[in-house]
Amino acid sequence: MTDKPTIDSWKKLAEREIKASPDTLTWNTPEGIDVKPLYTGDDLAGIDNLDSMPGFAPFLRGPRATMYAGRPWTIRQYAGFSTAEASNNFYRKALAAGQQGVSVAFDLATHRGYDSDHPRVEGDVGKAGVAIDSVEDMKILFDGIPLEKISVSMTMNGAVIPILANFIVAGEEQGVSREKLSGTIQNDILKEFMVRNTYIYPPEPSMRIIADIIEYTAREMPKFNSISISGYHMQEAGSTLVQELAFTLADGREYVRAALNKGLNVDDFAGRLSFFFAIGMNFFMEAAKLRAARLLWSRIMTEFEPKKSSSLMLRTHCQTSGVSLQEQDPYNNIVRTAFEAMSAALGGTQSLHTNSFDEAIALPTEFSARIARNTQLILQHETGVTKVVDPLAGSYYVESLTNDLAKKAWALIEEVEAMGGMTRAVASGLPKRMIEEAATRRQAAVDKGDEVIVGVNKYRLEQEDHLDILEIDNSAVRLSQIERIERTRRQRDPARVEAALAALEQVARSGEGNILAAAVEASRARATVGEISDAMRRAFGDHAAVPEVVENVYGKAYDDEPEFQTLVSRLEQFAGSLGEKPRIMVAKLGQDGHDRGAKVIASAFGDIGFEVLAGPLFQTPTEAAETAIASKVHVVGMSSLAAGHKTLAPQLVEALKAKGAKDIIVVVGGVIPRQDYQYLLDHGVSAVFGPGTNVLDAARAVLDLMEGKRRNQ
């Protein structure tokens, strides 16, 4: 008999196979975790909770004793299409095809508390979600959907008060009292200040809104989850998994404190706090992240001394990553989503949304949405993954990853706590800065090819197949919404509306009473989303962020690589002939707050040698043109992720011409379908940079445009 193999004997065998030390195979992840090529039982030494059981604190192995063996996760599809009628049609078909809950995506005008007839949202109405202006829209949205049976999840933060109020009233008028309504409202404003930016009011009154919603739902809506504490948008903005985990749980701790300050008992609301995480392509680490999240949340909640064990339990919805979806060779996205869905299931999610393969380009079609939904159905019914509780438990690798993630995330949570909590940390800009740096480092790794994305920076197709996409006629949607708003205003009692809005403003201004309760009365009177939001704006004011750009992150990743240095030298030569640094303004127009791409471009172009102006969020085309002219920029780069480019980019070009600045070059980048490129070029845009564009290629193209314009002057 041979001796039992040891680590040393494995190393010798591995060295013969790879002709080098196996230590060279260690993978240092973006989270700073060294992943070894081999894990053994020795790696589990000193790790706590290995003998924990599902359904018992700290819930490492799952919040329920039987998990999917008792009941599979809830299948959801996050969707909203232009009008309430179109969205309702989609929801009803999806429910008939096996979907088990409704998850509503609202358009950006609604997110920011504007009615569809507001001049600031001309390019946003019905784009990237459904337009909701009043209870009348909400009633159509859920027509024929039994709200006493179907759970409804609503991703809403900025205009959370009028949207939840409209939902409550729509339920009443459908014959479903509020105590029978089930579902979740996102209601996570700290995350908005960090990454997604669909805020309206400053942080302090925003936290009061959250506390009032938790209070109202705790007393009036026993089946409804008052908050979905979201890490999803952090990962979409570029965070590492440690940052997503730490900042999400730190947000949750802050919300618990806000509720306790309202005089609530922790056991009255803790069981209906929920979480929302992204699931990306790091398969085992994403599963380990969910296990670590439950472990750490149990630790955090223990501080508040609940009497119920269930108050220590973290329950979560997950969504497969939008960032991992690629425009290039898009059918690969079906495979990516399937892997991510499996990871979420192995990590123990309570509900799941699977992205459609075409969402890197546009809203999903019925065809792509069916594939995404069937991905979950196949996972539940054909793979056997639901038969065993926590099948990864005991894995040397996964248990070690879970422990490493928990340790690193806890250290960051404690750093936030030392700053005075998440509200103060957000005000300091620390989380936002850390996430933007991580996003910029990852973009550099992708551009260099250090991180391989199949079909994007390796194994590219010579010719991309044409892909049919869903296109929304923004103008038609806006006109139909305006007609309904006008009809609603004609039919309502003006005095009743005025009195309800005045009462709401007084509650907001005085700090006495519950804001949601007052908004429900205003919704019953048929006050619109914009009118309710404006009443609160008068009391609270608007929040305006000051954009900042991280420096020396993208360039540092390239060090002295010739390709980067050649571009830097070429830019320096052009600056010499120009007599100044080339200036570019990175502009975000409309109500799209997703600024990851804009921030990465601004950071990278700055490191290359451009003078970069990061324009403020939510500008109109006219405002952006005025800023560009006043700042004497040579180029405006418009970033678009919410499908408003065909409206906003031509308006920007025309605004510059009207102000005598037609020489300023306009380029557009972001989530733009290839079939829209020619339209933009025909309307005065000089170049279009779609998803997956290498930043150095974009910088070279912009420099080519500037040199060409200078030669022709």
Side-chain angles (χ1 to χ4, degrees), residues 197 237-238 429 432-433 436-437 439-440 443 543-555 567-568 571-572 574-576 578-641 644-645 648-649 651-670 684-689 693 695-696 698-707 709-710:
N197 300 313
K432 190 175 187 70
R433 184 168 61 253
E436 288 174 358
E437 288 175 356
T440 305
Q443 184 63 48
H543 177 72
V546 178
E548 297 180 1
V549 178
V550 300
E551 298 177 346
N552 302 318
V553 174
Y554 189 91
L567 180 57
V568 170
L571 190 67
E572 288 175 347
F574 179 69
L578 194 63
E580 59 183 337
K581 269 189 172 186
R583 286 189 298 280
I584 182 169
M585 172 183 168
V586 180
K588 290 290 296 181
L589 305 187
Q591 301 307 306
D592 175 22
H594 296 82
D595 62 351
R596 171 183 179 158
K599 289 295 185 67
V600 167
I601 288 293
S603 177
F605 271 53
D607 287 356
I608 291 165
F610 286 88
E611 183 178 325
V612 179
L613 168 66
L617 291 171
F618 313 126
Q619 283 192 313
T620 65
T622 298
E623 289 167 345
E626 290 169 350
T627 302
I629 293 167
S631 303
K632 298 180 179 179
V633 303
H634 304 97
V635 180
V636 176
M638 176 187 144
S639 172
S640 174
L641 277 84
H645 49 272
L648 298 171
Q651 288 181 356
L652 173 61
V653 171
E654 289 305 313
L656 288 169
K657 286 181 181 177
K659 296 177 182 300
K662 64 179 182 180
D663 287 341
I664 294 179
I665 297 168
V666 175
V667 299
V668 180
V685 171
S686 296
V688 182
F689 305 108
T693 299
V695 174
L696 295 188
R700 276 190 288 267
V702 169
L703 184 53
D704 288 343
L705 289 169
M706 295 182 70
E707 288 176 336
K709 182 170 282 288
R710 182 163 174 78

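Count residues from 1 along the sequence.
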Tell me, with the steps shown, if Thr440 and Gln443 meet side-chain contact (heavy atoms from CB on, under 4.5 Å). CA-CA 5 Å; Thr440 305; Gln443 184 63 48; 5.7 Å; no
Decide side-chain contact (heavy atoms from CB on, under 4.5 Å) for Arg700 and Leu703; before the verdict, give the C-alpha distance in whole Å, the side-chain angles of both, and the deciding distance to 0.1 Å. CA-CA 5 Å; Arg700 276 190 288 267; Leu703 184 53; 5.7 Å; no
Taking it one step at a time, do Ile584 and Val636 satisfy side-chain contact (heavy atoms from CB on, under 4.5 Å)? CA-CA 6 Å; Ile584 182 169; Val636 176; over 6 Å; no
Working for side-chain contact (heavy atoms from CB on, under 4.5 Å), residues Met585 and Val635: CA-CA 6 Å; Met585 172 183 168; Val635 180; over 6 Å; no
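In this structure, Lys659 pairs ionically with Glu626, as a charged nitrogen and a carboxylate oxygen lie closer than 4.0 Å.
Between the side chain of His645 and the backbone N or O of Ser640, no donor-acceptor pair lies under 3.5 Å. A donor-acceptor pair is defined here as one N or O able to donate and one able to accept, closer than 3.5 Å; such a pair exists between the side chain of Glu623 and the backbone of Thr620. Panel note: side chain Ser603, backbone Val550; a donor-acceptor pair is recorded below 3.5 Å.
Applying the side-chain hydrogen bond (donor to acceptor under 3.5 Å, both in side chains) rule to Thr693 yields no partners; only residues at least two apart in sequence or on another chain are considered. Shown here are the salt bridge (charged side-chain N to carboxylate O under 4.0 Å, His left out) partners of Glu551, two or more places apart in sequence or in another chain: there are none. Not counting sequence neighbours, the partners of Glu654 by the salt bridge (charged side-chain N to carboxylate O under 4.0 Å, His left out) test are Lys657. For Lys588, the salt bridge (charged side-chain N to carboxylate O under 4.0 Å, His left out) partners two or more places apart in sequence, or in a different chain, are Asp592.
Using a 4.5 Å heavy-atom cutoff, the side chains of Ile665 and Lys709 are in contact. Phe689 is not listed as a side-chain neighbour of Val668, based on a closest heavy-atom distance of 4.5 Å or more.
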Determine all donor-acceptor pairs shorter than 3.5 Å in which one atom belongs to a side chain in residues 606-614; sequence neighbours excluded.
residue : atom : partner : partner atom : Å
Asp607  : OD1  : Asn552  : N            : 2.9
Asp607  : OD2  : Asn552  : N            : 3.3
Asp607  : OD2  : Val553  : N            : 3.2
Asp607  : OD2  : Tyr554  : N            : 3.2
Asp607  : OD2  : Gly555  : N            : 2.9

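Among pairs with a residue in residues 597-606, those fulfilling salt bridge (charged side-chain N to carboxylate O under 4.0 Å, His left out) read Glu436-Lys599, Asp595-Lys599, at least two apart in sequence or across chains.
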